[in-house]
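All values reported here derive from a predicted model rather than from experimental measurement.
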Amino acid sequence: QVQLVESGGGLVQAGGSLRLSCAASGRALSRYAMGWFRQAPGKEREFVAAILWSGGITYYGDSVKGRFTISKDNAKNTVYLQMNSLKPEDTAVYYCAAGYDSGRYSSRNAYAYWGQGTQVTVSS
């Protein structure tokens with residue numbers, strides 16, 4: 001089992017920045033992929049970014065490329081999502097996820113473990 005706890009959400013004006021954190025515990029993550037997804041009201045859960053725990057290779061959804069950065073701190077077992085140049089359309093609940101590295105980083109089905117989510121609201 002893997003437990004994930006997100007933090008760092010909040011209200012920010014358009015153009016601003018936020019950093020989300022996801023603290024992981026429960027088992028070794030060396031063969032896992034860590035992902036961030038988001039879900040706005042009435043919409044499907046959308047892939048945002050992923051990082052391989054071993055090696056640190058990163059992947060991004062098209063809507064956030066160049067604005068968001070995913071990173072990790074091995075010593076703290078924590079994954080971060082740095083969000084810059086935020087737009088009102090980035091408003092959503094952001095979820096951290098963990099799954100055994102399957103190569104399908106943008107698929108929700110590739111992740112077995114999910115956090116409770118953290119709200120990000122971007123005002124115009």
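The line from OH of Tyr59 to CZ of Arg104 is 13.5 Å long, rounded to the nearest 0.5 Å.
Counting only heavy atoms from C-beta outward, the side chains of Leu20 and Thr118 approach each other to under 4.5 Å. For the pair Asp90/Phe68, a side-chain contact is recorded, criterion being any heavy-atom separation below 4.5 Å from C-beta on. Counting heavy atoms from C-beta outward, Val2 and Tyr32 have side chains that approach closer than 4.5 Å. Contact annotation: the side chain of Tyr113 never approaches that of Cys96 to less than 4.5 Å [non-hydrogen atoms, C-beta and beyond]. Contact annotation: the side chain of Glu6 never approaches that of Leu4 to less than 4.5 Å [non-hydrogen atoms, C-beta and beyond].
Taking a cutoff of 4.0 Å between a charged side-chain nitrogen and a carboxylate oxygen, Lys65 and Asp62 qualify as a salt bridge.
Remark: Arg108 is not positioned above the aromatic ring of Trp114, lacking an NZ or CZ atom under 6.0 angstrom from the ring centre and at most 45 degrees off the axis. Stacking of Arg19 on the aromatic ring of Tyr80 is recorded, both the 6.0 Å distance cut-off and the 45° axial limit being met.
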Does Lys72 form a side chain to side chain contact (heavy atoms under 4.5 Å, CB included) with Val79? I'd like the steps, not just the answer. CA-CA 4 Å; Lys72 61 182 176 70; Val79 175; 4.3 Å; yes
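With sequence neighbours left out, Tyr94 forms a ring pair (Phe, Tyr, Trp, His ring centres under 6.0 Å) with no residue at all. Residues satisfying the salt bridge (charged side-chain N to carboxylate O under 4.0 Å, His left out) test with Lys43, not counting sequence neighbours, are none.
Met83 and Trp36 fall within the same hydrophobic cluster, defined by Ile, Leu, Val, Met, Phe, Trp and Tyr side-chain heavy atoms under 4.5 Å apart, directly or through other members.
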Side chains of residues 46-56: which donor-acceptor partners sit under 3.5 Å, not counting sequence neighbours?
unit_1, atom_1, unit_2, atom_2, d
Glu46, OE1, Arg38, NE, 2.8
Glu46, OE1, Arg38, NH2, 3.4
Glu46, OE2, Ser63, OG, 3.1

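Listed here is the closest heavy atom pair of Arg67 and Leu86: NH1-CA, 3.9 Å. Across every non-hydrogen atom of Gln119 and Thr91, the tightest pair is NE2-CG2, 4.0 Å.
Side chains of Ser17 and Asn84: a donor on one and an acceptor on the other come within 3.5 Å.
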